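Quick one: structure below, then a few questions.
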Protein chains: 2
Amino acid sequence: MKYEQADALNGAIRVIAIRHRARAAAKLAELGLHPGHEAILLLLDAYGPQTQKQLAVGAGCEPPSITLMVRKLEAAGLLSRRSSTQDARAVVVALTDQGRAVIAPLKELWRDLADETVASLTSTSAEQLLAVLTDLANGLRRPLAGDGSGSPASGDGSGRPLAGDGSV
Amino acid sequence: MKYEQADALNGAIRVIAIRHRARAAAKLAELGLHPGHEAILLLLDAYGPQTQKQLAVGAGCEPPSITLMVRKLEAAGLLSRRSSTQDARAVVVALTDQGRAVIAPLKELWRDLADETVASLTSTSAEQLLAVLTDLANGLRRPLAGDGSGSPASGDGSGRPLAGDGSV
DNA sequence: GAGAATTAGTTAGCCGCGTAAAGATTGTGC
DNA sequence: GCACAATCTTTACGCGGCTAACTAATTCTC
């Protein structure tokens with residue numbers, strides 16, 4: 001594609017990332033949260049207790065990032081950590097009562113942010129936006145086309161942890 | 001909108017931001033650059049010498065972020081800083097010969113990144129993607145609908161510095 | 001079973017990006 | 001002419017996110 005289009009595309013992603021994060025930060029601050037924390041809390045709410053590895057996959061970031069955020073959320077009393085009974089290497093993270101109490105306002109805040117985001121559109125429908133973004137996000141999730149490191153990844157490739165019986 | 005859609009939207013933006021940035025970082029590293037640096041260099045290439053304030057507006061980030069990145073790019077010899085003759089407060093940033101030399105490979109790299117980004121799509125055309133993303137980016141650029149802080153912003157509101165005679 | 005390879009988690013150090021506050025210069029109202 | 005507000009930049013500090021290197025536990029392999 002032409003450079004002008006490429007720059008417009010990359011630049012748009014850049015500014016979307018920065019601005020959307022800024023708006024999320026402003027809203028999350030009302031709950032004492034920082035951007036990224038909501039991903040962990042919402043994953044725990046949606047799929048139950050999980051290991052940090054599962055959280056990393058679900059949140060789309062690397063384990064070291066999870067370590068620090070989980071530590072802070074634990075310090076804030078929103079979640080608990082215990083080592084897995086099946087695997088002594090793994091740490092199982094779960095919401096505390098205090099953490100569960102923040103889920104409802106968090107979800108409302110999260111919906112407001114999405115509503116504001118689509119409200120800023122001038123020539124695109126919400127359905128279009130969601131379709132295009134999910135397509136793009138799914139495409140970017142996998143490492144790189146033609147990576148060659150054969151491993152077909154464990155599980156179903158959905159990147160989502162299974163709702164479970166807590167046997168982690 | 002429903003919470004599931006809102007979460008899908010916000011989550012998609014989150015993962016797009018992280019993954020796109022990661023890919024950009026991998027490519028930019030070949031030129032010794034970090035994400036964000038390319039925005040400054042490409043702005044200087046496109047619009048000529050500018051103040052840091054103009055760069056902040058053009059790059060869509062805050063002045064303190066510009067200060068640090070410009071310092072590092074200056075240390076790398078890619079750009080120069082001089083205080084403006086019109087306004088002793090302002091610092092005018094310009095590409096050096098070494099900085100100009102990196103523009104060509106940078107643009108090529110930038111085009112490759114955009115190509116890979118659209119290549120990861122499965123059910124969206126490049127035109128659709130570009131249209132939706134620019135619409136969204138433009139919408140998010142302005143502070144917040146109903147902010148109320150009257151100031152209509154200086155200039156034409158395009159957020160872009162003027163190609164100029166260098167009288168800054 | 002012993003040793004190698006893999007995996008979960010942590011640590012240390014880097015960077016971008018943000019806010020808040022300070023300093024320096026410019027512009028403005030009286 | 002002078003105090004005051006507005007603007008450009010910098011500093012200090014905090015946060016998320018990354019890679020690389022490390023430990024500890026598990027699993028594979030012979």
Side-chain angles (χ1 to χ4, degrees), chain A residues 14-26 28-29 32-40 50-57 59-76 81-93 149 151 153-155 161 168, chain B residues 14-15 17-26 28-29 32-40 50-57 59-76 81-93 149-151 153-155 161 168:
Chain A
R14 174 187 161 83
V15 62
I16 289 168
I18 291 179
R19 296 307 199 200
H20 185 267
R21 184 185 182 89
R23 297 195 181 201
L28 290 169
L33 298 176
H34 293 273
H37 294 179
E38 86 289 343
I40 295 178
Q50 300 161 52
T51 67
Q52 296 188 173
K53 173 64 176 176
Q54 288 174 308
L55 288 175
V57 173
C61 59
E62 301 300 318
S65 303
I66 298 293
T67 294
L68 297 182
M69 287 192 285
V70 163
R71 259 173 147 58
K72 291 182 182 173
L73 288 171
E74 183 189 25
R81 292 159 29 93
R82 66 169 179 84
S83 55
S84 169
T85 55
Q86 270 82 9
D87 189 339
R89 296 170 301 179
V91 173
V92 178
V93 181
S149 78
S151 168
S154 63
V168 279
Chain B
R14 173 187 162 84
V15 61
I18 291 178
R19 295 307 200 200
H20 185 267
R21 184 186 182 87
R23 298 195 180 203
L28 290 168
L33 298 175
H34 293 273
H37 293 179
E38 86 287 342
I40 295 178
Q50 301 161 52
T51 68
Q52 296 189 169
K53 173 66 176 174
Q54 288 174 306
L55 288 175
V57 173
C61 59
E62 302 299 318
S65 303
I66 297 294
T67 294
L68 296 182
M69 286 192 286
V70 162
R71 259 174 145 59
K72 292 181 182 174
L73 287 171
E74 183 190 27
R81 295 160 26 94
R82 66 170 178 82
S83 57
S84 169
T85 55
Q86 271 85 8
D87 189 339
R89 296 168 301 179
V91 173
V92 177
V93 181
S149 78
S151 169
S154 64
V168 280

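Keep in mind that this is a model prediction, so the values were computed, not measured. Lettering of chains follows the sequences in order, A, B, ..., and the numbering in each one begins at 1.
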request  = Using a cut-off of strictly less than 4.0 Å, decide whether B:K72 has a side-chain nitrogen or oxygen near OP1 or OP2 of C:dC14.
outcome  = no
key: Phosphate contact (D:dG16 OP1 or OP2) by A:H37 side-chain N/O below 4.0 Å   = yes
request  = Measure from the side-chain heavy atoms of B:E62 and tell me the nearest of D:dA25, C:dT26, C:dT19.
outcome  = C:dT19
ask   = Given D:dT11, D:dG17, C:dG16, which nucleotide is nearest the side-chain atoms of B:M69?
value =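 Side chain of B:M69 sits closest to C:dG16.
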request  = Kindly indicate whether the side chain of A:C61, heavy atoms from C-beta on, has any atom under 4.5 Å from the side chain of B:R14.
outcome  = yes
query = Phosphate oxygens OP1/OP2 of D:dT11: is one of them under 4.0 Å from a side-chain N or O of B:R71?
reply =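 For B:R71, the contact criterion (side-chain N or O under 4.0 Å from OP1 or OP2 of D:dT11) is met.
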task = Between D:dA25, D:dT9, C:dG9, spot the one nearest the side chain of A:D87, thanks.
result =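 The closest nucleotide is D:dA25.
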note = Among D:dG17, C:dT10, D:dT10, the one nearest any side-chain atom of A:P64 is C:dT10
inquiry  = Using whole Å, what does the distance between atom P of nucleotide D:dC15 and atom CD1 of A:I66 come to?
reply    =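 That distance rounds to 17 Å.
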query = Picking from D:dT19, D:dT10, C:dG16, which would you name as closest to the side chain of B:P63?
reply = D:dT10
Nucleotide nearest B:I18 when distance is taken to its side chain, options C:dA8, D:dG17, D:dA12 =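 When the side chain of B:I18 is considered, D:dG17 is the closest of C:dA8, D:dG17, D:dA12.
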Residue B:A90, side-chain heavy atoms: nucleotide from D:dG17, D:dC8, C:dT10 that is nearest = D:dC8
key: Gap between atoms CD and P, on A:Q86 and D:dT27 respectively (whole Å)   =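 It works out to 10 Å between those atoms.
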ask   = Tell me: CD of B:Q52 to P of C:dG23, nearest whole Å?
value =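 The answer, rounded to whole Å, is 19 Å.
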task = Give the nucleotide from the list C:dC15, C:dT11, D:dT10 with an atom nearest to the side chain of B:T67.
result = D:dT10
B:R89 (side chain) and D:dT7 (base): donor-acceptor pair under 3.5 Å = yes
request  = Side chain of B:R21 only, please: which of D:dG17, C:dG16, D:dT10 is the nearest?
outcome  = C:dG16
request  = From the options D:dC15, D:dT11, D:dC18, select the nucleotide whose nearest atom is closest to the side chain of A:C61.
outcome  =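 Among D:dC15, D:dT11, D:dC18, the one nearest the side chain of A:C61 is D:dC18.
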